[in-house]
Amino acid sequence: MAKGITKRSDDYSQWYIDVVLKAEMAEYSPVKGCMVIRPTGYGIWEKIQQRLDRMFKETGHVNAYFPMFIPESFLKKEAEHVEGFAPECAMVTHGGGKLLEEPLAIRPTSETIIWSTYKGWINSYRDLPILINQWCNVCRWEMRTRLFLRTTEFLWQEGHTAHATCEEAEEEALKMVHVYERFAEDYLAMPVLVGRKTESEKFAGAHHTYCIEAMMQDGKALQAGTSHHLGQNFAKAFDVKFQDRDMELKYVWASSWGVSTRLIGGMIMNHSDDNGLVIPPRLAPVPIVFVPIWRSEEEMALVLGKAREITADWDPLFFKIDDRDQYKPGYKFNEWELKGIPVRIELGPRDVASNSVVVVRRDTGEKVTMPAEGLRENLEKMLEDIQTSLFKAAKQRMTDRTYTVDSYDEYKARVEGGGFYRVFLDVDNPEVEKQLKEDTRSTVRCIPFDAPEEEGPCMITGKLCKHRVIAAQAY
RNA sequence: CGGGGCGUAGCGCAGCCCGGUUAGCGCGCCUGGUUUGGGACCAGGAGGUCGCGGGUUCGAAUCCCGCCGCCCCGACCA
């Protein structure tokens with residue numbers, strides 16, 4: 001058993017914190033709600049960035065960078081947006097030892113600074129679309145924080161696109177939520193529900209919001225990514241117009257979309273166990289670790305030599321050889337398990353003699369012997385298999401814990417225990433969601449795209465609804 | 001902002017009630033030796049503004065007053 005990690009079954013929340021801290025993903029910083037992301041955690045963020053960035057580029061986007069400081073007045077230009085973000089903005093009031101003429105907000109998101117810039121870039125329909133993404137930090141003064149899941153400052157990417165038509169902006173918002181879906185499932189091995197947010201859950205300033213929602217091992221929902229159709233709200237607030245083919249001046253249509261370091265929290269809460277972190281192979285900065293085993297100087301030379309021989313033509317980022325002499329093999333086994341390395345290879349004198357290695361999977365703990373010949377190909381297959389089975393297990397868990405419920409009493413009794421609930425709720429009426437939240441501390445997570453056609457009475461008001469929505473307690 | 005907890009060596013804690021040698025233990029760290037296929041052992045060693053500020057006292061980690069910080073659980077949110 002891993003030292004110092006609370007069991008999931010004893011206290012899920014404490015288990016999560018223990019995993020993050022003990023696996024050296026992150027640690028607390030001197031400022032409340034902020035964290036230091038350590039190399040183990042940051043390496044995963046870098047993999048997320050590499051993979052996603054490629055997907056963004058493949059769908060026609062380019063990266064740019066906009067400043068962190070936003071004039072306070074900018075934030076006030078879009079009514080709904082101000083209301084949503086004003087309370088959680090960090091404000092800079094002084095600079096160079098003097099009181100500033102206008103306070104500067106540290107970006108909670110960049111719609112306003114970006115749209116004020118786009119105004120200068122857009123004149124004609126020929127200037128559209130603009131498909132820009134930026135990787136950056138943002139700051140939101142949250143009341144309650146949790147490592148990776150909700151921190152005062154966090155890292156994310158935000159895409160901001162400008163289009164000539166409503167349809168194009170809609171298409172973009174949809175395209176990107178599906179990019180997130182594919183990323184979550186293919187790389188994080190995290191199954192997600194894809195759907196639309198209700199009016200009361202959508203982004204402040206959006207027409208509507210699409211999202212991916214994942215289920216953690218305790219059955220709670222995690223909003224893992226969002227994509228917004230912003231309509232013309234920001235174009236109007238910042239007066240961004242273009243002249244169309246028909247000579248008319250029109251407001252530009254917008255979308256924005258983002259995922260954050262929260263994904264790392266989702267990854268942890270999807271796959272990790274009582275022994276620590278489990279990293280899906282495709283996100284592991286280094287997926288393989290060799291633990292050589294020796295008793296004497298001669299054996300050390302022998303096994304290290306063999307490890308180097310086997311890996312001579314391997315990609316250096318595919319593996320590492322843990323040749324530290326101050327720890328015994330058993331210690332290293334535990335340490336790499338705690339840190340979530342997908343596959344460990346044990347290589348001792350006996351293995352050298354038989355020209356084979358012992359391979360151990362992090363996800364199942366299964367040990368197999370593999371010949372040194374063709375090892376890399378076999379490992380690549382095993383990593384793919386781990387990736388697939390992590391996804392399957394998570395998918396199964398989500399399926400098993402998605403319930404169809406019609407009675408509000410039953411819902412109230414069960415929702416505390418976690419899981420997704422397919423229910424009829426009149427989501428056109430914000431009062432219904434308000435009551436749901438008051439009664440159960442749960443919310444409507446999304447209206448899934450793939451919800452089958454069904455008709456039934458809202459479990460609170462009895463009003464006839466056209467489809468079921470997903471309700472759950474969320475992080 | 002409400003409720004709870006904590007602040008003593010890098011980490012985890014004891015000591016505090018009932019004030020009194022040089023503040024202690026485990027882990028980690030350093031040196032030397034023996035070890036090494038699931039968290040090794042022996043010996044020696046380094047490491048402390050006891051959260052901060054006042055007060056009481058001959059004497060405060062310990063008692064009193066004030067402050068600060070962090071974590072956890074709830075109300076807001078990616």
Side-chain angles (χ1 to χ4, degrees), chain A residues 1-6 11-14 16-18 21-22 24 27-35 83-89 108-109 137-158 180 197 200-204 206 209 211-214 221-228 256-266 275-276 291-297 299-300 303 322-338 344-353 357-358 360 365 367 369 437-438 441 443 473-475:
Chain A
M1 264 318 106
K3 270 186 196 164
I5 296 187
T6 306
D11 183 345
Y12 190 80
S13 170
Q14 190 58 46
Y16 172 77
I17 293 161
D18 289 347
L21 264 20
K22 303 279 178 184
E24 299 182 350
E27 66 186 43
Y28 295 108
S29 83
V31 177
K32 183 184 169 71
C34 294
M35 66 175 176
E83 202 188 321
F85 285 106
E88 57 189 63
C89 268
T109 177
N137 59 343
V138 288
C139 190
R140 297 181 188 175
W141 220 263
E142 303 287 354
M143 300 181 195
R144 181 140 145 58
T145 56
R146 278 166 177 279
L147 295 164
F148 287 113
L149 298 177
R150 185 176 302 102
T151 45
T152 301
E153 179 194 10
F154 56 96
L155 304 181
W156 77 345
Q157 58 68 215
E158 46 180 330
Y180 290 153
K197 284 287 185 193
S200 44
E201 292 285 327
K202 70 167 197 190
F203 174 73
T209 292
C211 64
I212 54 172
E213 291 282 327
L222 182 75
Q223 178 173 308
T226 51
S227 169
H228 318 287
S256 71
W257 28 273
V259 296
S260 71
T261 34
R262 171 179 273 190
L263 289 177
I264 296 174
N275 290 327
V291 177
I293 295 153
W294 62 74
R295 291 166 206 276
S296 60
E297 295 273 325
E299 283 185 353
M300 180 167 105
V303 294
D322 184 354
D323 59 1
R324 293 175 299 175
D325 196 20
Q326 69 267 40
Y327 297 114
K328 289 177 65 181
Y331 180 92
K332 295 179 183 178
F333 297 166
N334 283 286
E335 178 175 342
W336 293 119
E337 276 168 21
L338 174 61
R344 173 179 83 239
I345 293 176
E346 303 175 9
L347 177 59
R350 297 204 296 265
D351 306 299
V352 176
V357 297
V358 174
V360 187
K367 280 192 189 193
T369 301
K437 196 165 187 175
E438 275 171 22
R441 287 176 24 226
T443 47
Q473 288 195 344
Y475 276 98

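Because only heavy atoms are used, hydrogens play no part in the values below, and waters and symmetry mates are left out as well, while side chains stay in. Every chain is numbered from 1 and lettered A, B, ... according to where its sequence line falls, protein lines coming before strand lines.
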Task: Aromatic-base stack, A/Trp156 on B/A78, cutoff 5.5 Å, angle under 30 - done: no
Pairing partner of [N] (Watson-Crick or G-U wobble, both distances under 3.5 Å):
N	answer
B/C13	B/G24
B/G32	B/C42
B/A61	none
B/G7	B/C68
B/U56	none
B/C1	B/G74
B/G19	none

Using a 4.0 Å heavy-atom cut-off across all strands, classify [X] as base, sugar-phosphate, or nothing.
X	result
A/Val358	base
A/Arg344	base
A/Pro87	nothing

TODO: Dump the intermediate steps for ring pair (Phe, Tyr, Trp, His ring centres under 6.0 Å) on A/Phe148 and A/Tyr475, then the final yes or no.
DONE: CA-CA 11 Å; A/Phe148 287 113; A/Tyr475 276 98; over 10 Å; no
In whole Å, measure the gap between the [atom1] atoms of [N] and [M] for me.
N	M	atom1	value
B/C76	B/C30	C1'	49 Å
B/U35	B/G45	P	24 Å
B/U8	B/A23	C1'	8 Å

Task: Residue pair A/Asp18 / A/Thr6, side-chain donor-acceptor N/O under 3.5 Å - done: yes
